[in-house]
Every structure is written in structure tokens, then in C-alpha cells.
Novice: 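Structure provided below as C-alpha cells; questions to follow.
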Amino acid sequence: MTATHSTWRTTNVLRQLKGSIGYRAGAMVLSFLAVPIMIGVLGTEQFGVWSTLLSMMSWAVFFDLGIGNGMRNKVAAALADDNKTEARLYIASGYTMIGLVVVMIWVTLTAASNFVPWQFVFNTTAVSENELRQTVQFTAFFVLLNFWIGLVAMLFSAVQQTSFVELGRLITNFLVLIFVFALAKTEASSIRSMAFLYGIALVFANLLLSALFFKPRRDLRPTIHLDLQHVRPLLTVGSQFFLIQLAVLVIFTTDKILIAQIFGAEYVTEYDVIFKIFSLVTISHGLILAPLWSAYTDAFRKDELVWINTMLRRQIKIFGGLTVAVLILTLFLKPIVALWVGDSIQVNYSLGIAMALFCLVSAWNNIFATVLNGVSKIKISVYVSAIAMLCNIPLSIALAKFTSLGTASVVIGTIFSLLPGVLLGPVQVAKIVSRKDRGLWSR
């Protein structure tokens, strides 16, 4: 039975990967088509403001206290034990807690936004203070609503059907492209209109995914439910994921804010264009890793460490292919940018090389983080993430102020902050798969 289940798990990982690649490829094409239209509608500086705002709004993930990932692991473990009642109670508790958090954050943020000097925050005068405030409020409302509805992505991941998450992304990007194209044809286009229509696209996609998940799984539908028996485990596991999420947010979303503040909002556009090109590699790698998280949970629950080790070796081989892909993108960066957005963006090769290194370091760390996340042994990851979070911003600012590397300095600061994980992640995973994890390494 174990061998049969291992075969099914491997087959399902490949099936989800194929579906994810198809959906994400479509989503990426749509996203790349939308960017030059957005730049044309908003202009370089306003697009930089919009891109920075989206980075700031991604901080909404911070407020789930790690509950989403905790729910994902607990539901996956309960279903691995064929205990649907436990799975349903964890789902209900997760949705209820996040719903309460979302309401409190939205009320607080909406009230506070009236007292924030948004032109100062985004370092721009290209958008009026009033329009910026309304844009922030629209974006916050839809992002927070989507944050709650979007828990369904964790559930698809828990049942090892990650391709549906990419389907939702495809639907979102399709709607965004349609809306942006429509804005380009009107005289009433604005960053405020962009925020409203982008939010509609986000929410619609996750409502559709929720219907697809719960219709055939009526016994897992969430209700309003909170009890310590199910809340405590979500918060215990979630608190560790929360610290990692906080670190990820600081490391991966502050670059745009720092660039906007130190160099100007127009430089964010250059950063964002180059980042999106290298995201072809990071996104592709993420698609490969996504179905493995809950598969690792299932395998570890069934003590199938050989399967985990086999998948890990394959991932290291794939990393070699990613390295070649990153090298090719770096060499042909200038013609790729010119073909995509024209001559409105001048390629900074130092930024391109820094982004290439960042891409590879992140991919390497993610290989081992996926294993550790799946088996819920993330104590070392918490410490590494805390160190990276504390070092990232000071390093980036220092390099920006005291070197002539320009915007590349901010990315290089981020790379240095990620280096401890390059070694410690593989060490902990090696101890787990060899059954030598003891003490701190076993938690």
C-alpha cells in the first residue's frame, strides 16, 4: 500500500506540475502583455507608484499570523490520516480567525489612511494627495477581502492540487488585461481606476476557486467556529510560519520602497521590469516546488523518507538547469527589455547581474525550505529568517549610500541577508532525511 501511495504521490506531483505550467505560462503571457499597456496608461512615474503600492499591500500576508500555512499543514496531515472531521474543524477555525483579523485591519487602516501623507510615502507629486489616498483605500479593501477568500489556495495545496492555484492566477491576469486595455481606450483612466478594477479581478478569481473547491467537498465547507483544541495548533505552527513570513515580506518587498525613497519612484519601474524578466525563472521553479510542500507532509506523515530524499536529489539537478537559464537571461537582458517595453527603459547591467544572483540564491534556499515547511521542522528557518530580516534593510541602505552601484546596491544587500540559509537549510534537511535530526535540528 505504501509503494502504491508513493507512486500515486509522484504521479500527482507531475500532473499538478503540468497543469501549473500551462496555467502559469498563460498567466505570465497575460501579465507581460499588461505591463507596457499599464506604463502607457499611467506613465513611468505613476506606474512606479502603483508597483510600490502593490508591494506594500502584499504585507497583508503578514497579518494572518501564519495561520494560513498552519492550516495548510494541519489539513494535509488530517487528510493523510483520513480524518475529515479534524480537517473541517481546522478549516473552519482558520477561516474564522482570518475573517476577524481582516475586519479589524480594514477598519484600522481605513481610518489611519486619512492621516498619512501619501505623497511623501511614495516620494511623488505625479498623483494628488486625495487620489493617492483613495487609491490606497480601494487597494487595501480588495487586497484584504481577497486575503480572506484566498485561503482556498492553501486548501488546494493541502489536497495536493496546486494547479488550481495557478488557474486562479490565470483568471486574474486575464481580467486585469481586459480591464487595463479598456482603461487605455478611455479618457478617464487613472491610478485610482486601476486599483478598483485590479481588486475586482482578484476577488472574482478566488470566489470562482472557492466554488470549485467546496462544491465537491461539502463536508469540508467552513463555518463560524473557534475552539482552543483547533485554534492552539494553528497558532503554534502558525507562529513560526508568521516569523518566516514577516522576514520574507521585509526581504522581498522593501526593495521597491527603498529604491523609491533613495533614488526616486521612476527607478522602481526599471527595477520592476528587470525583476519581472528574471521572475520567469523563479516562477517556473516555484511551480515545480509548489506541489511538493504538501506531498512532503504526506510522505513524512507516512515515514517515507526515501521518497523525500529522491525528490530532493531531483530538485538539485533542476537547479543546475535554472543556473543556465539565468545566465542566458543575463546575457540577453538588453534586447529582451527592448523587445518587451521598447526604449522607455534603459537597462542597468549591474542591476541585472545582481538580480540574477538574487534569483539563484532564492531558488537554492527554496528547495530546502519547501522540505522543512512540509515536515513542519522550521525552527532553524525561523532563526535564519530573523537574521536576514534584521540585516536586509540596513545593508541595502548602507550599500546604496556608500557605493556607486545605484539600484543594484539594494538587491545586493538582500542577497547578503539570504546567505546564512544557503548553508543551514541543506544541513537541516540532510539531518532529517538521514534520521540524525536531534535537538534544535529536529524542531
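From a predicted model like this one, the values you see are computed outputs, not experimental measurements. Quick note: numbers below take in every heavy atom, side chains included, and nothing from hydrogens, waters or symmetry partners.
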Novice: Hey, are the side chains of Thr407 and Tyr271 touching, using non-hydrogen atoms and a 4.5 Å cut-off?
Specialist: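 No, every pair of side-chain atoms sits at 4.5 Å or beyond.
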
Novice: Start with the C-alpha distance between Phe138 and Tyr198, add both sets of side-chain angles, then the distance that settles ring pair (Phe, Tyr, Trp, His ring centres under 6.0 Å), and finish with yes or no.
Specialist: CA-CA 10 Å; Phe138 278 146; Tyr198 180 83; over 10 Å; no

Novice: Around Trp106, counting heavy atoms of other residues, nucleotides and ligands shown, do more than 12 lie under 6.0 Å from its CH2?
Specialist: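 No - once you tally the heavy atoms of other residues, nucleotides and ligands closer than 6.0 Å, there are 12 at most.
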
Novice: Drop me the distance from Arg301's CZ to Ser294's OG, to the nearest 0.5 angstrom.
Specialist: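 One gets 13.0 Å once the value is rounded to the nearest 0.5 Å.
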
Novice: Taking everything shown except Phe174 itself, do over 12 heavy atoms lie less than 6.0 Å from its CZ?
Specialist: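 No, CZ of Phe174 has 12 or fewer neighbouring heavy atoms, counting only those of other groups under 6.0 Å.
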
Novice: Could you tell me whether a side-chain N or O of Asn365 sits under 3.5 Å from a main-chain N or O of Val422, the two making a donor and an acceptor?
Specialist: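 Yes, because the side chain of Asn365 sits within donor-acceptor range (under 3.5 Å) of the backbone of Val422.
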
Novice: Keeping Thr297 on the side-chain end and Trp293 on the backbone end, is there a donor-acceptor pair under 3.5 Å?
Specialist: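 A pair under 3.5 Å: yes.
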
Novice: Looking at Phe32, I want to see if its CZ is surrounded by more than 12 non-hydrogen atoms of other residues, nucleotides or ligands under 6.0 Å.
Specialist: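 Yes, CZ of Phe32 has more than 12 neighbouring heavy atoms, counting only those of other groups under 6.0 Å.
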
Novice: Could you tell me whether the side chain of Asn373 and the main chain of Ala369 form a donor-acceptor pair under 3.5 Å?
Specialist: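 Confirmed, Asn373 side chain pairs with Ala369 backbone.
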
Novice: Are Arg88 and Asp219 close enough for a salt bridge, meaning some N to O gap below 4.0 Å?
Specialist: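 Here Arg88 does not pair with Asp219 in a salt bridge, since their nearest N and O are not under 4.0 Å apart.
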
Novice: Measure up the Phe164 and Phe156 rings against each other and bin them: parallel (under 30°), tilted (30 to 60°), perpendicular (over 60°).
Specialist: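 Judged by the thresholds at 30° and 60°, the geometry between Phe164 and Phe156 is parallel.
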
Novice: Can you confirm whether Ser362 sits close enough to Leu418 that some side-chain heavy atom of one is under 4.5 Å from a side-chain heavy atom of the other?
Specialist: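 They are in contact (side-chain heavy atoms under 4.5 Å apart), so the answer is yes.
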
Novice: For the side-chain contact (heavy atoms from CB on, under 4.5 Å) test, which of Ile171, Leu177, Ile178, Asn173 pairs with Leu175?
Specialist: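 Between Leu175 and the candidates, side-chain contact (heavy atoms from CB on, under 4.5 Å) is satisfied uniquely by Ile171.
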
Novice: Does a side-chain heavy-atom distance below 4.5 Å link Leu322 with Thr282?
Specialist: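 Side chain of Leu322 against side chain of Thr282, heavy atoms only: no contact under 4.5 Å found.
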
Novice: With Thr124, which of Glu45, Gln119, Gln46 fulfils side chain to side chain donor-acceptor pair (under 3.5 Å)?
Specialist: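 Passing option: Glu45.
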
Novice: Sequence neighbours left out, what pairs pass salt bridge (charged side-chain N to carboxylate O under 4.0 Å, His left out) with at least one residue falling in residues 250-261?
Specialist: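 Residue pairs passing salt bridge (charged side-chain N to carboxylate O under 4.0 Å, His left out), neighbours aside: Lys256-Asp272.
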
Novice: If you measure from OG on Ser51 to CD1 on Ile259, what distance do you get to the nearest 0.5 Å?
Specialist: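 Ser51 atom OG to Ile259 atom CD1 measures 9.5 Å (nearest 0.5 Å).
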
Novice: May I have the step-by-step check of side chain to side chain contact (heavy atoms under 4.5 Å, CB included) for Gln16 and Leu287, ending in yes or no?
Specialist: CA-CA 9 Å; Gln16 296 306 314; Leu287 292 177; over 6 Å; no

Novice: Take atom CZ in Phe196; do more than 12 heavy atoms of anything else shown fall under 6.0 Å from it?
Specialist: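 Open.
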
Novice: So does Val103 get a backbone contact from the side chain of Trp148, meaning a donor-acceptor N/O pair under 3.5 Å?
Specialist: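 Absent.
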
Novice: With a cut-off of 6.0 Å (strictly less than), are more than 12 heavy atoms of other residues, nucleotides or ligands near CZ of Phe214?
Specialist: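 Enclosed.
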
Novice: Checking side-chain contact (heavy atoms from CB on, under 4.5 Å) against Arg192, which of Val136, Leu197, Thr135, Val127 comes through?
Specialist: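 The side-chain contact (heavy atoms from CB on, under 4.5 Å) with Arg192 is passed solely by Thr135 among Val136, Leu197, Thr135, Val127.
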
Novice: Whether the side chain of Ser409 engages the backbone of Gly406 through a donor-acceptor N/O pair (distance < 3.5 Å, no angle test) should be reported.
Specialist: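 Yes, the answer is positive, given that a donor and an acceptor are paired below the 3.5 Å cut-off.
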
Novice: Using modelled atom types only, decide if a donor and an acceptor are shared between the side chain of Ser31 and the backbone of Met28 within a distance under 3.5 Å.
Specialist: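 Checking the backbone N and O of Met28 against the side chain of Ser31, no donor-acceptor pair under 3.5 Å is found.
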
